[in-house]
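So the structure is just underneath, and the comments pick up after that.
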Amino acid sequence: MISFSRNMTKIMEQTTRTLDIEATGKHAPSSLTWWQIQQLEKQGCTSDDWTSVLVSPATDLSKLRNAHFGGKISIGKGASIRNVPGGIFNCRVGENTVIENVARIEFEPEAPCGVGITISALDETGSRPVVAYPGLSSQVATLMARVPSWLERRLSPLLQDFLDTKAMAHEIGDGAVVRDCGRLLNVSVGHGVTIEGARSLINGAIINNSTVGRPIAYVGSGVDAENFIIEDGRVADGVILRNCYVGQGAEIEKGFTAHDSLFFANCSFENGEACALLAGPYSVSMHKASLMIGCQTSFMNAGSATNQSNHMYKLGPVHWGVLERGVKTASGAYIMLGAKIGAFSMVMGLHKTHPDSSSFPFSYLFGDERGATVVVPAAMLRSCGLLRDEKKWPTRDRRLKRKLPLHDRIIFNVLNPFTVESMLNAIDTISELLSGPTYDDLYFRHKGMKFTRAALERAKFLYTLAIYKYLSMSLPDGKIPESDGLEAEDWVDVGGQVMPREILEKAIEKDNIEEAEKLFTHAFEEYAALQQRWIGRRFGEWWRTREDRIATGAKEFDELVEDDRQEYLESLAKETRMLNL
């Protein structure tokens with residue numbers, strides 16, 4: 001009788017609590033009643049301790065079948081859990097979440113879920129670590145890897161406090177779907193995320209920042225990942241990740257493997273391999289046998305069997321390089337690192353002399369029979385595909401369609417202060433080279449590269465036309481702004497964002513990430529004004545006396561590009577006729 005009374009009291013308390021919750025529109029999980037436990041056990045569910053299992057009053061218990069519950073478990077309304085024989089441990093299961101046919105889901109106490117993992121970018125030895133966290137931007141990652149003293153001296157004292165603010169919940173979030181998977185150990189799954197057929201996921205976070213019902217974040221069949229963060233990215237089709245960050249709109253698929261690598265906005269990688277890669281926005285590698293190793297890229301397109309080497313069997317894999325924005329590699333291209341390839345250049349053949357072509361953007365780089373680099377500067381400028389790329393990139397931004405809070409700041413302009421400064425410097429360098437003698441083989445040599453006289457003379461002409469084109473696009477009235485009398489600042493490309501170096505240096509002086517991010521955001525928002533200021537300072541008397549040439553020079557540039565387009569179309573038509581039945 002006493003037992004019955006106690007049970008009735010509990011029933012009345014539970015019923016009253018349920019009615020109160022429903023009346024206020026809340027569905028806070030609460031302890032199970034004896035009859036709920038009995039129902040769950042009949043449906044094949046077990047628990048180490050049923051008192052540690054909390055269930056929302058609005059949950060349909062008939063949707064909880066053949067699962068073991070261990071540690072502290074909270075199950076939200078509308079959740080469906082079926083066939084988890086290895087159990088769910090220490091986890092919040094969100095509202096309307098679906099978990100089906102999963103080997104095991106477990107969270108260990110104080111597990112970081114990928115927050116704070118150290119990624120050994122660029123040189124693989126760990127001397128240029130990038131610390132990953134939710135919201136990591138291409139700009140901050142670049143600063144960590146390229147200026148390691150910033151992380152070591154400035155950030156380290158307060159870094160853990162910052163990472164604590166980025167802590168991930170031990171949960172399978174609201175509306176998430178986890179189906180047909182192996183083990184998930186210490187993997188925080190955000191709201192609306194779908195995981196289907198993953199083989200093994202250990203110590204990571206899968207984050208969705210999109211609006212409700214429009215998630216990008218997805219993990220598909222056969223994925224094996226350990227120490228990772230996937231934030232608004234897609235990883236599927238047998239991908240293997242170790243110590244990686246996959247950013248917004250990035251897609252890693254079709255058996256790609258990567259370790260100690262970062263992939264930022266709208267990257268696409270399939271079939272190949274990446275090691276210690278810092279892939280800035282819109283980097284692409286789609287082919288088997290392509291190895292991206294020890295380098296930084298952005299807007300890059302890697303041809304089949306592209307390869308770099310960062311190990312000379314002396315001091316380990318300490319060599320690394322930079323492929324500036326827009327570099328393309330032909331099939332079978334090989335670069336011995338360290339090397340620095342200028343923006344929007346095409347790399348063909350084998351390059352073994354550690355070239356630095358950063359002073360010659362928009363070039364063709366050919367590897368000769370001895371692995372030396374022969375450069376045809378400015379040859380890419382007349383390519384009809386160059387400005388086409390500039391127009392297509394914004395339309396292919398997967399982030400915008402989902403209204404995400406954008407982490408990576410991207411300047412899409414092909415002609416910008418960074419590339420134009422390189423061209424201005426190239427004109428000066430070409431003049432110096434042409435004033436000197438050639439070697440016995442009739443080549444000029446500079447920084448591990450070889451040039452013919454004809455190529456240099458042609459490049460000077462093309463660079464000048466491209467600068468006119470830039471001024472025409474940047475100055476609606478065709479007038480160069482008045483200078484404020486100060487020296488023009490150098491510009492840099494920081495992970496897809498071009499900005500004055502002085503702003504980058506201010507960011508390096510900051511001792512916390514938020515303040516550095518504010519400076520990057522300021523540079524991004526004020527890009528147009530900063531560019532006008534730079535033009536006024538950088539273009540002196542020689543250019544000002546030729547303002548009347550801006551429009552005609554830009555028109556001549558456009559005509560060259562159009563000629564290339566027509567030549568291509570004619571060649572394409574000729575091929576089509578050849579291939580006709």
Side-chain angles (χ1 to χ4, degrees), residues 59-60 63-65 67 74-84 86 88 91-107 113-114 134 168-226 228-241 244-256 263 265-270 398-405:
T59 295
D60 181 354
K63 294 182 178 180
L64 310 182
R65 295 178 177 273
S74 172
I75 303 174
K77 70 170 185 175
S80 175
I81 302 174
R82 299 172 186 268
N83 303 325
V84 189
I88 301 177
C91 175
R92 172 187 174 270
V93 178
E95 297 182 355
N96 302 311
T97 297
V98 176
I99 301 174
E100 295 180 349
N101 306 322
V102 179
R104 183 183 180 94
I105 297 175
E106 180 179 4
F107 289 89
C113 298
M168 299 302 300
H170 291 187
E171 67 175 4
I172 311 299
D174 297 345
V177 176
V178 183
R179 180 181 289 123
D180 303 327
C181 295
R183 182 176 67 153
L184 276 69
L185 173 62
N186 300 329
V187 176
S188 179
V189 180
H191 72 92
V193 169
T194 296
I195 306 175
E196 295 179 307
R199 187 169 65 184
S200 175
L201 303 176
I202 300 174
N203 187 33
I206 306 163
I207 303 166
N208 167 41
N209 293 306
S210 72
T211 54
V212 175
R214 303 195 69 188
I216 298 179
Y218 176 82
V219 175
S221 62
V223 172
D224 184 335
E226 185 172 350
F228 66 93
I229 295 175
I230 300 169
E231 186 163 12
D232 301 313
R234 178 184 177 88
V235 178
D237 305 330
V239 165
I240 299 176
L241 301 178
C244 288
Y245 175 87
V246 179
Q248 296 183 306
E251 295 185 345
I252 318 295
E253 299 178 304
K254 295 182 178 65
F256 195 84
F263 307 90
N266 301 305
C267 284
S268 294
F269 284 80
E270 299 178 1
R398 303 181 190 103
R399 305 172 303 165
L400 301 183
K401 298 174 182 178
R402 309 304 175 99
K403 298 182 179 180
L404 300 176

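All values below were derived from every heavy atom in this structure, side-chain atoms included, with hydrogens, water molecules and symmetry-related copies excluded.
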Provide the closest heavy-atom pair for Met168 versus Ile207 in the form atom of the first, atom of the second, distance. CE-CG1, 3.9 Å

Please step through salt bridge (Lys or Arg N to Asp or Glu O under 4.0 Å) for the pair Arg234 and Glu251, ending with a clear verdict. CA-CA 5 Å; Arg234 178 184 177 88; Glu251 295 185 345; 5.1 Å; no

With under 30° as parallel and over 60° as perpendicular, where do the rings of Phe107 and His170 fit, or are they tilted in between? parallel

Ignoring hydrogens, what is the shortest heavy-atom contact between Ala67 and Ile81? Give both atom names and the distance. CB-CG2, 3.9 Å

Heavy-atom pair of closest approach, residues Asn208 and Gly192: ND2-CA, 4.2 Å

Give a yes or no on whether the backbone of Gly114 and the side-chain of Asn203 come within a donor-acceptor separation of less than 3.5 Å. yes

Passing candidate, side chain to side chain contact (heavy atoms under 4.5 Å, CB included) with Arg92, options Asp174, Ile172, Ile75: Asp174

Heavy-atom pair of closest approach, residues Ala79 and Val93: CB-CG1, 4.0 Å

Begin with the C-alpha distance, continue with both residues' side-chain angles, and end with the deciding distance and a verdict on side-chain contact (heavy atoms from CB on, under 4.5 Å) for Val193 and Ile230. CA-CA 11 Å; Val193 169; Ile230 300 169; over 6 Å; no

Decide whether Asp180 and Asn101 meet the rule of one side-chain donor and one side-chain acceptor closer than 3.5 Å. yes

Is there a donor-acceptor pair closer than 3.5 Å between any side-chain N or O of Ser188 and the backbone N or O of Ala169? yes

Let's go through Leu201 and Ile206 carefully: what are the C-alpha distance in whole Å and the side-chain angles of both, what is the deciding distance for side-chain contact (heavy atoms from CB on, under 4.5 Å) to 0.1 Å, and is it a yes or a no? CA-CA 10 Å; Leu201 303 176; Ile206 306 163; 4.2 Å; yes

Would you say the side-chain atoms of Ser268 and Arg398 include a donor-acceptor pair closer than 3.5 Å? yes

Mind running side-chain contact (heavy atoms from CB on, under 4.5 Å) on Val98 and Arg179 for me, showing each step along the way? CA-CA 8 Å; Val98 176; Arg179 180 181 289 123; 3.9 Å; yes

Could you report the tightest heavy-atom contact between Val239 and Lys254, atom names first, then the distance? CG2-N, 4.4 Å

How close do Asn209 and Glu231 get, counting heavy atoms only, and between which atoms? ND2-OE2, 3.0 Å

